[in-house]
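Written below as structure tokens is the structure these notes are about.
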Amino acid sequence: MDCVYARRFDVAVRRGLASDQPRELSTWIGNRRMLLITTPTVYRLYGEALYRKLLELGVDVTVHVAQLSERNKTLSTVANICDVAAVAGLGRRDVFAALGGGVCCDVVSVAASLYRRGVPYVTIPSTLIGQIDAGVGIKGAVNANGRKNELGCYWPPEAVFVDPSLLRSLSRRHLRSGSAELAKIAIIADPALFEDLYEHAELLLDSGYSEPQRRADALIERAIELILAELEPNCFEDQSYERSLDLGHTFSPRLEERTHYALLHGEAVAIDIALSCRIGTELGWLDPNDSRRILSLLLRLGLPIDHVQLDHRLVRDAIDVTTRHRAGHLNLPIPSSIGSIRILQDAGAIGTEKICAILPRTRPRRERSRLRRVPRELHKSERNS
Ligand SMILES: NC(=O)c1ccc[n+]([C@@H]2O[C@H](COP(=O)([O-])OP(=O)(O)OC[C@H]3O[C@@H](n4cnc5c(N)ncnc54)[C@H](O)[C@@H]3O)[C@@H](O)[C@H]2O)c1
């Protein structure tokens with residue numbers, strides 16, 4: 001048997017797409033049944049209005065409002081969605097729709113991949129992480145056995161509807177968290193995007209990515225373009241486990257687990273990027289000036305660049321788990337300049353001990369005092385956890 005499974009999907013980016021003018025979405029769904037999955041917050045802000053407009057436009061839509069957070073990003077949540085789909089009578093050509101953040105997109109992707117052995121789904125991401133990353137990729141996952149994203153799938157959406165106006169209501173902390181993924185793609189592939197983000201960081205965060213509007217939309221579109229270009233040649237990760245997009249995703253999952261998800265995804269990614277930069281300068285791959293500029297962008301975005309839980313045990317665990325996950329090689333992406341990545345295939349090239357030895361130095365006094373100031377909510381949530 002020679003079986004090829006090719007997929008194509010469109011990503012539409014426009015303000016109002018999911019709020020004022022869902023006609024495009026309703027045309028896409030056509031005469032199929034739709035199960036709209038969302039969270040209580042997003043339902044209150046946008047979901048209810050969208051649901052009513054879709055009904056007016058003649059779409060046969062059922063809404064499922066569920067608590068979808070990192071703590072219940074689980075298989076039982078997925079099973080629940082599938083049960084609701086069955087009760088609503090969805091068939092194999094009917095459509096799931098994820099209206100929410102990265103967790104909602106991840107969970108709906110897994111549910112769509114399982115229900116009747118796979119049904120179509122669309123995403124309408126409502127957080128910055130969702131719009132530039134989780135909602136436009138093809139991976140879905142749930143947490144299991146105490147591990148983040150332990151179970152998952154590669155199940156591409158049928159279409160993605162990105163409406164940047166939804167970001168206006170997003171909390172500053174989640175805007176910052178999403179900005180870490182934006183910074184990541186800029187560091188990987190685009191010095192101009194990096195400088196744009198650097199220049200407008202404060203206004204973007206203050207305005208919920210609506211000012212300067214043209215610049216904000218261009219940043220979001222560019223990030224999506226770059227992510228898709230990075231994903232396309234190795235979408236199903238069957239060509240290589242050397243992936244630039246894994247920048248910031250080696251130590252961060254362990255940090256998220258260790259903090260019981262008090263640390264947001266983007267915050268953990270920022271800390272991981274900062275450590276990767278320090279490894280890069282230690283290896284002589286990254287110019288210290290570029291490293292400082294990257295750390296400075298992260299701080300400008302109000303992101304943490306270090307964490308008390310980032311200790312030797314965590315680093316060793318991350319190296320072990322990642323090496324197994326990436327089929328025997330660590331494949332740690334390291335910035336080699338702003339806009340390019342080199343892959344450190346094995347920890348042996350620098351030595352786990354040396355990586356651990358870098359850790360205390362990730363807290364020079366000047367940065368430590370800055371860390372105490374930003375971001376305040378982070379320290380608060382840690383105290384509560
Ligand atoms: N599959 C992938 O390729 C991929 C890529 C990146 C991240 N992720 C995953 O995404 C998740 C993080 O996503 P996230 O940061 O969006 O978190 P999230 O989905 O938990 O959403 C964050 C919070 O924002 C609220 N919210 C959502 N939209 C809002 C809006 N428009 N206004 C106000 N509040 C709103 C939600 O109710 C929630 O409380 C992680 O689980 C991560 O692993 C997946």
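Whatever order the structure lists them in is the order used to number ligands and atoms, beginning at 1. These values consider heavy atoms only, across backbone and side chains, with no hydrogens, waters or symmetry-generated copies.
A salt bridge between Glu353 and Arg316 is present, with a side-chain N of the basic residue lying under 4.0 Å from a carboxylate O of the acidic one. Ionic pairing of Glu48 and Arg44 is not present here: no N-O contact between side-chain nitrogen and carboxylate oxygen is shorter than 4.0 angstrom.
Contact shell of ligand 1 (protein heavy atoms, cutoff 4.0 Å): Thr39, Thr41, Val42, Leu45, Tyr46, Glu70, Lys73, Gly101, Gly102, Val103, Asp106, Ser126, Thr127, Ile129, Asp133, Ala134, Lys139, Lys148, Asn149, Leu166, Ser169, Leu170, His174, Glu181, His265.
Relative orientation of the Tyr5 and Phe236 rings is tilted, given thresholds of 30° and 60° on the angle between their planes.
For Glu24, the side-chain hydrogen bond (donor to acceptor under 3.5 Å, both in side chains) criterion is met by Arg14, not counting sequence neighbours.
Here the straight-line distance linking atom CG of Leu263 with atom CD of Glu256 works out to 7.0 Å at 0.5 Å rounding.
Looking only at side-chain heavy atoms (C-beta outward), Val42 and Leu166 stay at 4.5 Å or farther from each other.
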